[in-house]
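What follows is a set of notes on a single structure, which appears directly below.
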Amino acid sequence: MQQRTHSSFLLAAKPQLADIISQLKPHFDYISVLATDDRGLSYFALPGETRTTEPMWVQRGFVFRAQRGGKVAEYACAVLPGAVRARGASQASRIDSAATMRSAIDTIRDRLDALLVDPSLIAFPQIPDEPAVAEYLGEIEEDPFRADPESILRRLSAIRERITDGKTVVMAQARYECVDVSRMFISPNRSLTQSFLWSQAYLFGVARRGQMSKMSYQPASGRKGLEILATIEDSVPRLAKELADLLDAQPMKPGEYDVILDPDMAGTLAHEAFGHGVETDMFFKKRARAIEYVGKRVGSDLVTMYDGAAEVDQTGSFLFDDEGVFASKTLVIDKGILKSGISDTLSALALGIPRTGNGRREAFSHKAYARMTNTYFAPGNSTLDEMIASIKHGWQLSRLNSGMEDPRNWGIQLICMVGREIKDGKFTGRVASPIVCSGYVPDVLSAVSMVSRDFELGGSGACGKGHKEYAKVSSGGPYVKTRMRLG
Amino acid sequence: MMIDTIREAIASINSNDAIKIADWRLVERVISRQERYYVANRAEQARMVDDRGYALTVYVDSAQSGTKFRGEATISLQPSFSAADGLLKIRQAVVAASKSRNPWFALPEPSAPKVKLPISGFESLTPADQVEIARDAFFSAAARFEGSARINALELFITRERRRLLNSRGIDYSTVVWRGYSEFVVEADSPSGTVELFDDIEFSEPDPARLASSIASRLAQVHDRALAAPMPQLRDLPVILRGKEAEEAFAWFYGNSRTEAVYSKASAFEVGKSVQGAAHSDVDAEPVPQGATDSTCATSTSDTSAAAAALSAPVAEPLDLWAEPAIEGLPASTAFDPDGFPLERTEVISGGVLKTLTGSVRHADWLGFPRRGAFPLFSVSPGSTRLEKLHAAPYLEPVMFSDFQLDPVTGDFGAEIRLAYYFDGKHTVPVSGGSISGSLSALSGSMRRSVETEVASRSRSPVALMLNGVTITGNA
């Protein structure tokens, strides 16, 4: 295993950031800065072409947060005001004189002052600044930044070509991307640094008969390096068969069925049902019905659910969040009883609840919200075979397409690409695609009747807040048997 | 790192390194943004953002057996990079580009714009006024509902972006883009508790009437959601898609008419053929280059599926679709595509038949089609049926979904319904719950469009679209 290193840019900027925070401290009741330097690589093998780009997550910049009289404002910038460009390698752009430093501090203070005069701003309790110094360095096996781009492109092209037979699978694309995350949080009492790398890879295929097309994919992800490509390479025969099956997919009769959700679908059920539903900024806005159900039953005894960046290792894992709060593991539902929410700093302060380390930003230039990290059901005692055997007439659902939450009214929507029919405890061979799964969240969770011993987390997707503010998350857990409306 | 430094780095690489940069493209974005986050009518916090970034694409040429190839790599260069760090990163990109051997193509040359974009009204306002005009438009509209429906939360972003596009062929275009964006949640009380609806809007002008209208329609609908009954089981009922969902359906045709989609075979569309399933002949379309048609994409006559039956049905109302560089009020309007190719309004689909392809110039070259450029926007001509007539017979009209999903490749669509209007022939009632699903590739022949059009998020298109054969799943 190879250990990551902290960004040299952040390390070089650290003394100046500490100085700026120290000099701004007397002007505000609270002041902090989050500095980011996330770099990345994306490789694509497409029909007839290959490309190298960068993921959307690449960023470098600063966000200053200030509080005065309870009101909170933020100023985000790509470059420190007045900073001059350094000439040497691995040197940060920096403020090179006391006069310029004074000017930079004045500019940041003026920006924050101008925002804080807004009379409509809500007054929050004092943001805590408990002393802490900590750092984290992740580890990977194969470093994508040291690999020859040609070898990666060749590997992706080979995967793509293997699955494209020109008869059933008419097109495919393979993609690998990684992000080397480096974050630093500095306040008068805290100095935190973390650096780790996550990767994700996909193989997409399109099967076609006449003008009818069907699509499916195989993802892989983790706080890993190029080693995740092996998962994609191994998936080719199974994905090819799945695509062929999808061409024979038939519409199902709409109705309510027993369903077995694979870990990806089950994890997304957790994510949409009681992940978004317990983000405490939704409590603060009175948009989440869950606040009325804390301590009450929302699912069967078999339903235990967690969210947390700590204690599991996937793309939603980290040491501290984007507000400088240490990650934790939150027990959201315990044997069917709703226990607690996941919080960002401001909603936690407003509601008088613990900060759970879920304050996350899409980038330094974006606001922090209460966001999920790794969200999952706890494993149960059944085997998948037992679950299949228990079904009189139902469907095993896989290949998640999307999910959407409704925290206020507790609707749920999951769309998947593959449904396999089960009758009398056996697969019939019939396939349906796509399938819209919906229901009323407490009904769906109360109907959970079997949970498998498996435990898989997948982090190849991203989570939005509304239709924006993407954050890297993972979800999963075991196979889950429940009842849902399918159409 | 600034533009001059990037130019110096490119020149240094071409003077000193074995692998040369044959061409390059550079985009500079300088962003200033005001942000407000309202909870009811109070602001949770105020934010200001000053951002800047550069995206550099380097192209490296190679040749084999007399054939020219071109590889490319795109990197971001941060303004805080040192000159040495920037040079190192560009060098790494050059190496990566040299490992791709794609068919050669030429970058666009400098040319005059073919459309003139108006200067946004935001340009002359102070930052405080920019926010206040938009905020007041939304909250004044909500006040007219006198509490029967109200704003729960509203996020407001007013962004000024100065964008400069340069390339090694001499292109140097600058433009200022104003992008307003708001997400809002509206709510109303029902006997079983509070219900809500969510929506968003993009805008490039301080146009209080458009902003007020966008939130007023959702406030009226959330009031109806409070009264909605569970959706019953319904069969064989036409479904009317409205607003963004109708636009998304039209966008499926536009997306599959892109050079990238046809080149990669993600699209089954062929120039000169119907995009709505039925066979057409004697069409006046772009000549199809030899070898550009893939036999695996041809319609199979042996397919006996329901989808194939639907595809062979007569087309109810042939589609007309245009690629548009600019639509008033939409921030994506532009005179040039991302490669710097000048955009001009182009007829893409006429009478349900694909006339030409738009999209990236490289894929146009590789397919042997004329370059049209990659357009951000499109328009669809009005249909032949007034909304009033679409509403004359029984229908289901969803106006808010949990998250309408339409697969850009397969055309499969589906979503859970948060609010729909169901007309049984006598009464129209609001309903909630249940879902719809179907596939545009199978159902597009049944499509009927409203006469009435509107500016949506990336088009000017009919406000409503009626489809037959959609699967409806009720609550019962």
Side-chain angles (χ1 to χ4, degrees), chain A residues 46-47 49-54 58 60 72-79 85-93 111 115 118 120-122 149-150 153 166 170-171 206 208-215 251 254 285 287 365 367 401-402 404 406 408-409 411 413 415 434 436 438 466-467 485 487, chain B residues 1 37 39 42-53 72-76 78-80 82-85 88 95-96 99-100 102 152-153 183 185 194-196 198 200 263-266 268 296 299-300 303 307-308 311 402-403 405 407 409-410 412 414-416 418 435 437 441 471 473:
Chain A
L46 307 162
E49 59 178 319
T50 58
R51 258 187 252 166
T52 305
T53 65
E54 290 185 352
V58 169
R60 181 191 272 192
V72 177
E74 290 187 342
Y75 172 58
C77 49
V79 185
R85 203 158 24 85
R87 301 296 303 180
S90 298
Q91 289 181 312
S93 57
R111 297 267 197 276
L115 293 166
D118 186 338
S120 70
L121 281 168
I122 293 168
E150 186 167 21
L153 290 170
V170 296
M171 77 85 79
V206 175
R208 182 165 297 139
R209 183 183 296 151
Q211 287 196 350
M212 182 180 66
S213 303
K214 290 292 175 186
M215 197 271 277
K285 294 173 183 171
R287 285 192 61 202
S365 53
K367 176 182 178 287
N401 177 287
S402 67
M404 194 65 181
D406 185 7
R408 168 64 78 47
N409 304 114
Q413 169 185 310
I415 298 180
V436 180
S438 58
H467 291 300
R485 261 195 321 271
Chain B
M1 191 155 207
Y37 301 83
V39 180
R42 301 287 306 277
E44 179 197 332
Q45 62 176 279
R47 300 185 79 247
M48 181 182 174
V49 177
D50 286 326
D51 199 1
R52 176 192 289 255
E72 68 174 80
T74 300
I75 52 172
S76 60
Q78 313 294 349
S80 53
S82 70
D85 279 344
L88 178 65
V95 171
K99 308 301 184 186
S100 289
N102 303 326
N152 169 283
E183 272 193 2
V185 178
T194 306
V195 296
E196 70 173 36
F198 166 96
D200 58 0
Y263 180 77
S264 70
K265 299 188 180 71
T296 60
T299 303
S300 164
D303 189 338
L311 288 169
S402 290
D403 185 21
Q405 291 285 322
D407 188 289
V409 174
T410 65
D412 294 341
E416 186 210 16
R418 290 197 178 168
S435 65
S437 62
S441 65
T471 300
T473 305

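By convention in this document, chain letters (A, B, ...) are assigned in the order of the sequence lines, proteins followed by strands, and residues within each chain are numbered from 1. What you are looking at is a predicted structure, and each value in this text was computed from that prediction instead of being measured.
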If you count heavy-atom pairs under 4.5 Å between each of B/Val95, B/Asn102, B/Asp407, B/Leu88 and chain A, which one has the most?
B/Asn102
The side chain to side chain contact (heavy atoms under 4.5 Å, CB included) partners of A/Ala76 (sequence neighbours excluded) come to A/Val63, A/Phe364, B/Arg47, B/Val49
Tell me, for B/Ile75 versus chain A, whether the close heavy atoms (under 4.5 Å) come from the side chain, the backbone, both or neither.
both
Polar contact flag, side-chain donor to acceptor under 3.5 angstrom, B/Ser80-A/Arg60:
yes
Relative to chain B, which segment of A/Ser365 carries a heavy atom at a distance below 4.5 Å: side chain, backbone, both, or neither?
both
Just do the side chain to side chain contact (heavy atoms under 4.5 Å, CB included) check on A/Met171 and A/Met215 with the steps written out, would you?
CA-CA 10 Å; A/Met171 77 85 79; A/Met215 197 271 277; over 6 Å; no
Under 4.5 Å heavy-atom distance to chain A, tell me which part of B/Ser76 shows up: side chain, backbone, both or neither.
both
Below 4.5 Å from any heavy atom of chain A, which atoms of B/Glu196 appear? Answer side chain, backbone, both or neither.
both
Rounded to the nearest 0.5 Å, what separates atom CG in A/Leu153 from atom NZ in B/Lys99?
10.0 Å
Checked B/Thr471, B/Asp403, B/Asp412 vs chain A; the most non-hydrogen pairs under 4.5 Å come from B/Asp403
Any idea which of B/Gln405, B/Glu72, B/Arg42 has the most non-hydrogen atom pairs under 4.5 angstrom with chain A?
B/Arg42
Side chain, backbone, both or neither: which part of A/Asp406 has a heavy atom under 4.5 Å from chain B?
both
Sort B/Asp51 into side chain, backbone, both or neither according to what part of it lies under 4.5 angstrom from a heavy atom of chain A.
both
Between A/Arg51 and chain B, with a heavy-atom cut-off of 4.5 Å, which part of the residue counts as in contact: side chain, backbone, both or neither?
both
For the pair B/Lys265 and A/Val206, evaluate side chain to side chain contact (heavy atoms under 4.5 Å, CB included) and give the outcome as yes or no after the intermediate values.
CA-CA 9 Å; B/Lys265 299 188 180 71; A/Val206 175; over 6 Å; no
Distance-only side-chain donor-acceptor flag, A/Thr53 / B/Thr74, under 3.5 Å
no
Tell me, for A/Ser438 versus chain B, whether the close heavy atoms (under 4.5 Å) come from the side chain, the backbone, both or neither.
side chain
Option in B/Ala153, B/Gly53, B/Ala96 with maximal non-hydrogen atom pairs under 4.5 Å from chain A
B/Ala96
For A/Leu46, is it the side chain, the backbone, both or neither that has a heavy atom under 4.5 Å from a heavy atom of chain B?
neither
Any donor-acceptor N/O pair, B/Glu183 side chain to A/His467 backbone, under 3.5 Å
yes
